[in-house]
Amino acid sequence: MRRSAFFLPTMKDTPKEAEIASHRLMLRAGMIRQSSAGIYSWLPLGYRVLRNIEKIVREEQDRAGCQEMLMPTIQSSELWEKSGRYDDYGPEMLRIRDRHDRDMLYGPTNEELITDIFAHSVRSYRELPKLLYHIQWKFRDEVRPRFGVMRGREFLMKDAYSFDPNYEAARESYNKFFVAYLRTFARMGLKAIPMEADTGPIGGNLSHEFIILAETGESQVFCDRNFVEYDVLGTDIDASNTTQAAEVVDYFTRLYARTDEKHDPATFEADVPSERRYEGRGIEVGHIFYFGTKYSEPLGAFYATRDGEEAPVHMGSYGIGVSRLVGGIIEASHDDDGIIWPASVAPFDVGLINLQVDNEDCTNACEDAYARLKEAGLDVLYDDREERAGAKFADMDLIGLPWQMTIGPRGLKKGVVELKNRATGERQELSLDSALTQLAG
RNA sequence: CGGGGCGUAGCGCAGUCUGGUAGCGCAUCUGCUUUGGGAGCAGAGGGUCGCAGGUUCAAAUCCUGCCGCCCCGACCA
């Protein structure tokens, strides 16, 4: 993509409404624009990141044996009246009336809808278990939206639902998601720590929050340092393997990990040796629940057992805040100059900077590099604008692409380009060929 | 929902107390000079001063009502 053609309105100044780093940087980097309180438009750069995150989430859900579908944003109040949540949810739920004066709502979550679909379609234990998910926009009318996309009113969420014949089976489903979540966040370059949690308005009695470590996080967290060092990708855990998943869940749930509300210093000190005590801040990016028959009973999701008896299915639900993750990743990965994207979610793989557009040799060299980077299968943002060098460097640092390739007359005389690693700041001068080898390899 | 603050050009702000016909920096456009970390000079364009009433010869400025947005707290993926 040529920067001259790309819609990327970056800003030198920070709009005054943005207080925390991720919000500030997302506005400055031209990723989002606020539409109203807690509601954002995603501009091309931001949308690319959002989609990359979505892609990782999708791949890991699929890998765990979960099937993707899509439910609507607008729901009828009827099912919610059946589950009792139409009243329970309170003013957080955005209620809408259609032209026929029917009560509708903008879905804050989808338990009722999926349970209803399931109830009308599944009759027998032979059809269980089933794991279903979708990635859809949700609306929760927060009293006070803040922190940009970290706590918006409208947000993109992956929510999955499991249907099992009994607790034991439901527990296996729960474990699969537990592991899938560890993998998902690890792939985004995040340390996500599962902590025992309240079930809130979703209900149920088994639940974990997944908290990523970030200095500007909302909650204080205390945990065993083993969490931070355990590499789920390195050990290549398979979420769809029941036994393996159970082992991993076992390992993690035995270690101490609590947010400040649940923190008990005495237990912490008793359970965790001092050198392994980790204390920091975190952001909740995922939440998983087992809630048994809370929705299957009122909504009539029954199946026939082997003995021919009617029994309610046991359910769980599993959320990931997809849009929140964009902010969360930035909170966890930025510096004074801007964002530092982990390669897996970066909007482009590499930024190519032409230092002197009106210099024919320089521009030819850039065009050549641009073509060859693309040939190598890399996603390139080529800054071909007539801007000063400083402005281009600053812009490139701001948007945080993992690599910057700089080409200017000075280097060309020596036959080299400059390659900068955004995360480490390390620069090397090398031939285009070696640069390509390094980037593609 | 309690407490605090803000709304003036695309962004950041001054002007409001003490009413007199709107300004600064950045950005944008033109020209010249510059050119490896957000350039310099000269010129230009751009504003229903959040909205609606009211007071006044005169309102960004005073009064009343409304709307929007942000921050702190209680609540949440």
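What you see is a predicted model; the values in this text were computed from it and never measured. Proteins get letters first, then strands, A, B, ... in listed order; numbering begins at 1 in each.
- Of the nucleotides present, none pairs with B:C49 by Watson-Crick or G-U wobble criteria with both distances under 3.5 Å.
- Electrostatic pairing of A:E54 and A:R51 does not count as a salt bridge here, judged by no charged N lying under 4.0 Å from a carboxylate O.
- When both distances must be under 3.5 Å, the Watson-Crick or G-U wobble mate of B:C24 is B:G12.
- A:R146 has a side-chain polar atom (N or O) that falls below the 4.0 Å cut-off from OP1 or OP2 of B:G73.
- With distances taken from any side-chain atom of A:L355 to the nucleotides B:C6, B:G36, B:G25, the minimum falls on B:G36.
- The phosphate of B:G2 has neither OP1 nor OP2 within less than 4.0 Å of any side-chain N or O from A:R144.
- Here A:R58 pairs with A:E68 in a salt bridge; the nearest charged N to carboxylate O distance falls below 4.0 Å.
- If you check every strand for non-hydrogen atoms under 4.0 Å, A:K16 touches sugar and phosphate atoms only.
- For B:A42, the paired base is B:U30 (Watson-Crick or G-U wobble, both distances below 3.5 Å).
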Could you walk me through whether A:R187 and A:E59 pass the salt bridge (charged side-chain N to carboxylate O under 4.0 Å, His left out) test, one step at a time?
CA-CA 11 Å; A:R187 282 186 61 188; A:E59 284 171 4; 2.7 Å; yes
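- Partner assigned to B:C69 is B:G5, using Watson-Crick or G-U wobble distances below 3.5 angstrom.
- For the pair A:Q34 and B:G68, the criterion of a side-chain N or O lying under 4.0 Å from OP1 or OP2 is not met.
- Of the candidate nucleotides B:U35, B:G38, B:A74, B:G38 has the atom lying nearest to any side-chain atom of A:A391.
- Among the protein residues, A:R28 comes within range of the nucleic acid bases, having at least one heavy atom under 4.0 Å from a base atom.
- B:G38 atom C1' lies 11 Å from atom CG of A:L398, rounded to whole Å.
- If you measure from atom CD of A:E418 to atom C1' of B:G37, you get 11 Å, rounded to the nearest angstrom.
- B:A9 and B:G45 are spaced 11 Å apart, taking the C1' atom of each and rounding to whole Å.
- Using a 4.0 Å heavy-atom distance criterion, A:G152 is classed as a base contact.
- Remark: A:R48 qualifies as a cation-pi partner of A:F348 under the 6.0 Å distance and 45° angle criteria applied to the six-membered ring.
- Across all strands shown, A:D397 has heavy atoms under 4.0 Å from base atoms, whether or not it also approaches the sugar-phosphate.
- B:C11 sits 15 Å from B:C51 when the P atoms are compared, rounded to a whole Å.
- Put simply, A:F393 does not rest on the base of B:G36: the two rings are not both less than 5.5 Å apart at their centres and under 30° in tilt.
- Distances were taken from every side-chain heavy atom of A:Q356 (C-beta onward) to each of B:U35, B:A77, B:C26; the shortest belongs to B:U35.
- As a whole-Å value, the separation of A:Y89 OH from B:A77 C1' is 9 Å.
- Here the C1' atom of nucleotide B:U33 and the CG atom of A:D358 are 13 Å apart, to the nearest Å.
- In this entry B:C62 has B:G54 as its Watson-Crick or G-U wobble partner, both defining distances falling under 3.5 Å.
- Counting non-hydrogen atoms under 4.0 angstrom, A:G408 reaches a base of the nucleic acid.
- The P atoms of B:C67 and B:A59 are separated by 26 Å, rounded to the nearest whole Å.
- Look at NZ on A:K12: it is 16 Å from P on B:C13, rounded to the nearest Å.
- An OP1 or OP2 oxygen of B:A39 is reached within less than 4.0 angstrom by a side-chain nitrogen or oxygen of A:R388.
- Nucleotides B:G47 and B:G15 are separated by 14 Å at their C1' atoms, to the nearest Å.
- Taking the six-membered ring where tryptophan is involved, the planes of A:H134 and A:Y161 are tilted, since the angle between them lies from 30° to 60°.
- Among the candidates A:Y278, A:F252, A:Y256, the single residue satisfying the ring-ring contact (aromatic ring centres under 6.0 Å, His included) test with A:F227 is A:F252.
- When heavy atoms are screened at a 4.0 angstrom cut-off, A:R427 is found touching base atoms of the nucleic acid.
- Note: CD (A:E387) to C1' (B:C26) measures 13 Å, nearest angstrom.
- Atom C1' of B:C49 sits at a distance of 10 Å from the matching atom of B:U61, rounded to the whole Å.
- Distance, A:I353 CD1 to B:G38 C1': 12 Å, rounded to whole Å.
- Between A:D141 atom CG and B:C76 atom P the separation is 15 Å, expressed in whole Å.
- Projected onto RNA chain B by closest heavy-atom contact, A:H23 and A:E218 fall at different nucleotides, the more 5' of which corresponds to A:H23.
- Nucleotides B:G40 and B:C57, compared at atom P, are 49 Å apart to the nearest Å.
- Contact annotation for A:V322: no contact, since no heavy-atom pair falls under 4.0 Å across all strands.
- Under a 3.5 Å cut-off, the side chain of A:D349 and the backbone N or O of A:D379 do form a donor-acceptor pair.
- Using cut-offs of 30° and 60° on the angle between ring planes, the pair A:F178 and A:Y174 is tilted.
- At a threshold of 4.0 angstrom between heavy atoms, the contacts of A:A389 are confined to the sugar-phosphate backbone, with no base atom among them.
- Position along RNA chain B of the nearest nucleotide to A:K392 versus A:G148 favours A:K392 as the more 5'-ward residue.
- When the nucleotides B:C76, B:G37, B:C13 are ranked by their closest atom to the side chain of A:K420, B:G37 comes out on top.
- Between B:G19 and B:A58, the distance separating the two C1' atoms is 8 Å to the nearest Å.
- For the P atom pair drawn from B:G46 and B:U56, the interatomic distance equals 35 Å after rounding to whole Å.
- Listed nucleotides: B:G36, B:C70, B:A77. Nearest to the side chain of A:R151: B:A77.
- The residue A:E17 sits close only to the backbone: its heavy atoms come under 4.0 Å of sugar-phosphate atoms, none of a base.
- Close placement of the A:Y230 and A:Y251 rings is indicated, their centers lying within 6.0 Å of each other.
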